[in-house]
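The block underneath contains the structure these notes are about, expressed in structure tokens.
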Amino acid sequence: MDGNGRWAKKRLLPRAMGHKKGVEAVRRLVRSLRGTGVEALTLYAFSSENWKRTAEEIADLTALMKHFIRSDLGEMIENGVRLRIIGDHSAFEPEAVALIDDALARTAHNTGTVLTVALNYGAQQEIARAAAAAAASGEVTVDSISAHLDTADLPPLDLLIRTSGEIRLSNFLLWQSAYAELYFTDVLWPDFTPAHFQEAVASFEGRERRYGGR
């Protein structure tokens, strides 16, 4: 979900306003998935490298996260959305951690779309943890590493979308992306709509996936 800061800069607004509009884009997209059959949506909300940002911006992002949980948790429960977190969210302030843990518990038995949010997440760190866990439990293989990834209980990754014109993965789901289809768009995240998402899905559906075969 890239481009919040640039969206705000183009409009001479504070970065916090870009993040606020980015949260609204998340809300629109999640609502649009009801009844579509999409099994899982994973959003890169806060990377392990984002701690390098200013204390003010981190505080703004944390406040938005708390506001989103408070305002949207009831709707997620009503619509059967199950919340998942990958990464180490325990690094956030205690109030945010408590809200996240409560949301995880209250949606744990929902059977609709799995909404996974990557918080304090980095794919290289995830792979290193998974490899260490695999080694501790036996032979290190592709399957044993996969079984210890943060996403082990999620469906295989089919489509990875990056907004804002950046053409790189930036330490997101590197292992899981091995045979995923990649889709890059110039649209800044706050402007990303369900229609843009459907364009990405249409592009995905038109591709032939061979997984290394002919």
Heavy-atom check, side chain of S177 versus side chain of L174, under 4.5 Å: no
Validation row: E126, T151 side chains within 4.5 angstrom (heavy atoms): yes
Inter-residue atom distance [X].[atom1] - [Y].[atom2], 0.5 Å rounding:
| X | Y | atom1 | atom2 | result |
| --- | --- | --- | --- | --- |
| N4 | D60 | CG | CG | 12.0 Å |
| Q124 | R129 | CD | CZ | 12.0 Å |
| I145 | E139 | CD1 | CD | 10.5 Å |
| T185 | F192 | OG1 | CZ | 6.5 Å |

Is it true that [X] and [Y] have a side-chain N and a carboxylate O under 4.0 angstrom from each other?
| X | Y | answer |
| --- | --- | --- |
| E75 | R27 | no |
| E24 | K21 | yes |
| R84 | D150 | no |

Sole candidate of E199, R207, E205 that passes side chain to side chain donor-acceptor pair (under 3.5 Å) when paired with S203: R207
Kindly give the heavy-atom pair with the smallest separation between [X] and [Y], and that separation in Å.
| X | Y | answer |
| --- | --- | --- |
| L149 | W175 | CD1-CD1, 3.3 Å |
| P14 | A8 | O-CB, 3.3 Å |
| A152 | A147 | CB-O, 3.4 Å |
| R15 | G5 | NH1-CA, 3.6 Å |

Residues which pass side-chain hydrogen bond (donor to acceptor under 3.5 Å, both in side chains) with W189, listed by chain and number, not counting sequence neighbours: none
For residues 39-46, run the donor-acceptor check on the side chains, cut-off 3.5 Å, and write out each pair with its distance to 0.1 Å, sequence neighbours left out.
| from | atom 1 | to | atom 2 | distance (Å) |
| --- | --- | --- | --- | --- |
| Y44 | OH | Y121 | O | 3.0 |
| Y44 | OH | N171 | O | 3.3 |

Neighbour count >12 (heavy atoms, 6.0 Å) for atom CD, E56: no
No-hydrogen, no-angle side-chain donor-acceptor test under 3.5 Å, Q125 and S48: yes
Under 3.5 Å side-chain donor-acceptor pair for S146 and D143: no
